[in-house]
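To start, the structure under review is shown below, and the notes come after it.
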Amino acid sequence: MRKNKSLTVNFIFNLLKTFSSILFPIITFTYSSRVLGADGIGKVNFAKSIISYFSMFAMLGMAYYGTREAAKIRENRYKLSKFTHEMLLINGCTTIIAYIVLVIVILFMSKLKDYTLLLIINSFSILMMGMGMEWLYQALEEYRYIALRAMAFQGIALAVMLLTVKSVNDVVNYTIVSVIASSGSYILNFINSRKYVDFCWYGNYEIKKHLRPLMWLFALALSIELYTVLDSTMLGFFKGDFAVGIYTASIKVNRIANSLITSLGVVLIPRLSYYVGKGEREQFKILIDKAYNFVFMFSVPACLGLFVLSNEIISLFCGQGFETAGFTMRLLTPIVLVIPFSVVTNQQTFVPMGKEKLILISTCAGAVTNFIFNLLLIPRYAENGAAIATVIAETVVAIVCLVNAKYNLRIDNIFHQYYQYWVAGLPILAIGIWISKLGFSNLVTIFLTVMLSAISYFVILLLFKNKFLMEMMERVKRRGILAARER
């Protein structure tokens, strides 16, 4: 029988993985944007956006479904092994179909002729993603392994990039580096999976029973993909590589902030699914309330900080040729507020509860909204139009999530401290404007703004005696006392 791992330990390792997943793109993007320029970055990300649709089809919603269902049976090796076989069989079929369609698209879509090699290189991620079974390790809460493995391959990819990406002509090398960093570790996943599942042939596989929930989750993944990747794809078709490059630079830091804020949620999915499977509804509700408060506490200052530091961040990390990206990034900062709320509601709440239909409603609303506003705004406003469309779409998703949550969860109490985060956060704008006028370098301006803003923010929350912050501090204090006694 597997012992439940500490959520705190899981969170720390997942946060460590998130930090490495953030630090690696920052280093590589800072370097590559200066070497490849906006056009080169745009070319790479346009090709990546195309492949993402085929990867999504090949996975067919397994990222959510596999984690949820495997978490329920992780204490039974036979059931877990059989379930893993069934997922691999389904994934094998969808991967073959994805590759066949990809070849047809490349052959018959003239716009993609110039991207053929980049598409082929990126397509290796389709095969490795399914073979990697990341959902299995998340279901088993093996976040230590996930974090260490990811950091190792990111280190390898970084070394390869520094050795091979030297000029504007090294777009292919940079694409290879990106694939190594994102998908190379999946080979180890497959080899290491023998520790948890057996690969002897069982027979009597129940493929059919998985297809219906997988199709629901595939529709969900498709709708999410449409309003998260569609902007880059449509920009590439309408405005070319340069616009995609500027937009990529603009949204990257905002997405990094979202990844940090929602990193807690990834480790909650298997535990929440476990609680649902065991019928422990009170534990489920307590954990969800904590997740909401966590994202509220950090999304407000992150949004305000990114808004006031947009120009400095773009100048520091992207260099020359990306000057216009600062304004686009500022347009995008509201997504740091709305996306974490949507993620907690959809992925951390409705997925474990098996309410895929509710998730599909909100994401479809976002996808339709994003497509319509991209179509209206990109031809005239390019990357700024895509930014506005993204903010509108994410806001629509958050509103639908809120409506769904009010009817399916008792979340009335989670907003009662929300005003405190805004009152504590507003001084961040004044601090950022004041420091930016002192004439420091971009790095010093960012550092001083972040440090002074953090001190101001948490001091004000302490004056409010913010309940969630006080609980966090009390928990840290108790752990410190226990650690001291053990020594």
Side-chain angles (χ1 to χ4, degrees), residues 25 28-29 32-33 35-57 98 101-123 125-126 168-172 174-179 182 222-252 254-255 314 318 321-322 324-325 327-329 331-332 335 366-394:
T28 56
F29 190 77
S32 61
S33 61
V35 175
L36 303 178
D39 285 302
I41 293 295
K43 189 182 291 291
V44 171
N45 280 277
F46 177 68
K48 189 181 296 184
S49 73
I50 297 297
I51 292 300
S52 67
Y53 298 107
F54 296 92
S55 298
M56 171 206 59
F57 173 77
V101 177
L102 176 61
V103 171
I104 294 171
V105 168
I106 292 174
L107 289 176
F108 292 97
M109 189 171 287
S110 58
K111 169 68 178 178
L112 300 182
K113 295 290 185 182
D114 295 335
Y115 299 88
T116 300
L117 182 56
L118 299 184
L119 291 169
I120 291 172
I121 295 170
N122 274 302
S123 73
S125 63
I126 301 174
V168 293
N169 298 317
D170 291 329
V171 171
V172 171
Y174 180 66
T175 304
I176 294 172
V177 168
S178 298
V179 173
S182 63
L222 176 61
S223 60
I224 292 174
E225 198 77 7
L226 285 176
Y227 79 85
T228 55
V229 182
L230 189 63
D231 40 19
S232 294
T233 306
M234 294 181 72
L235 266 176
F237 277 106
F238 283 123
K239 292 294 182 178
D241 296 331
F242 180 80
V244 177
I246 294 296
Y247 184 76
T248 300
S250 304
I251 201 170
K252 183 168 285 290
N254 290 308
R255 284 181 173 164
I314 291 295
C318 301
F322 290 85
T324 59
F327 179 73
T328 309
M329 179 179 168
L331 291 175
L332 282 162
I335 68 174
V368 172
T369 303
N370 196 38
F371 177 76
I372 292 172
F373 279 94
N374 274 335
L375 205 59
L376 294 172
L377 298 176
I378 285 178
R380 185 170 182 179
Y381 300 108
E383 62 273 8
N384 291 330
I388 296 170
T390 296
V391 171
I392 294 172
E394 293 291 359

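Sequential numbering from 1 along the given sequence is applied to the chain's residues.
Residue Phe371 forms a side chain to side chain contact (heavy atoms under 4.5 Å, CB included) with just one option from Asn374, Leu375, Val368, Thr369, and that option is Leu375. Of the candidates Thr233, Val44, Leu235, Leu235 is the only one forming a side chain to side chain contact (heavy atoms under 4.5 Å, CB included) with Val244.
Note that the CG atom of Asn384 and the CE atom of Met329 stand 13.5 Å from one another [nearest 0.5 Å]. Rounding to the nearest 0.5 Å places CG of Leu112 at 7.0 Å from CD1 of Ile106. One finds the CG atom of Leu332 at 10.5 Å from the CZ atom of Phe327 (value rounded to the nearest 0.5 Å). Note that OG1 of Thr175 is 10.5 Å distant from CG of Asp170, once rounded to the nearest 0.5 Å. Annotation: the span from Ile388 atom CD1 to Glu383 atom CD amounts to 10.5 Å, rounded to 0.5 Å. Expressed to the nearest 0.5 Å, how far CZ of Arg380 lies from CZ of Phe238 amounts to 15.5 Å.
Residues Leu331 and Val391 are not in side-chain contact: their nearest non-hydrogen atoms beyond the backbone lie 4.5 Å or more apart.
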Inset, instruction - Would you sort out whether Leu119 and Val105 count as a side-chain contact (heavy atoms from CB on, under 4.5 Å), showing the intermediate values? - result: CA-CA 11 Å; Leu119 291 169; Val105 168; over 6 Å; no
Inset, instruction - Please test Ser232 against Tyr247 for side-chain contact (heavy atoms from CB on, under 4.5 Å), starting from the C-alpha separation and ending with a verdict. - result: CA-CA 8 Å; Ser232 294; Tyr247 184 76; 4.0 Å; yes
Inset, instruction - Take Tyr115 and Ile50, measure what side-chain contact (heavy atoms from CB on, under 4.5 Å) needs, and give me the verdict at the end. - result: CA-CA 10 Å; Tyr115 299 88; Ile50 297 297; over 6 Å; no
Inset, instruction - Under the side-chain hydrogen bond (donor to acceptor under 3.5 Å, both in side chains) rule, what do Thr390 and Asp231 come out as? Steps first, then yes or no, please. - result: CA-CA 8 Å; Thr390 296; Asp231 40 19; 3.1 Å; yes
Inset, instruction - Before giving the answer on side-chain contact (heavy atoms from CB on, under 4.5 Å), spell out for Val101 and Phe57 the whole-Å C-alpha distance, their side-chain angles and the decisive distance to 0.1 Å. - result: CA-CA 11 Å; Val101 177; Phe57 173 77; over 6 Å; no
Legend entry - Steps toward side-chain hydrogen bond (donor to acceptor under 3.5 Å, both in side chains) verdict (Thr328, Tyr381): CA-CA 11 Å; Thr328 309; Tyr381 300 108; over 6 Å; no
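At distances below 3.5 Å, at least one donor-acceptor pair connects side-chain atoms of Ser250 with backbone N or O atoms of Ala325. A side-chain donor-acceptor contact under 3.5 Å links Lys239 to the backbone of Pro379. For the pair Lys113 (side chain) and Leu107 (backbone), a donor-acceptor distance under 3.5 Å is present.
Nearest approach of Asn122 to Ala47, heavy atoms of both residues: ND2-CB, 4.0 Å. When every heavy atom of Ser125 is checked against every heavy atom of Ile51, the shortest pair comes out as OG-CG2, 4.0 Å. Here the closest non-hydrogen pair linking Asn370 and Ala393 is CB-CB, 3.6 Å. The nearest pair of heavy atoms linking Ala249 to Ile314 is O-CD1, 3.6 Å.
For Phe373, the CZ atom is loosely surrounded, since the number of other residues' heavy atoms within 6.0 Å does not exceed 12.
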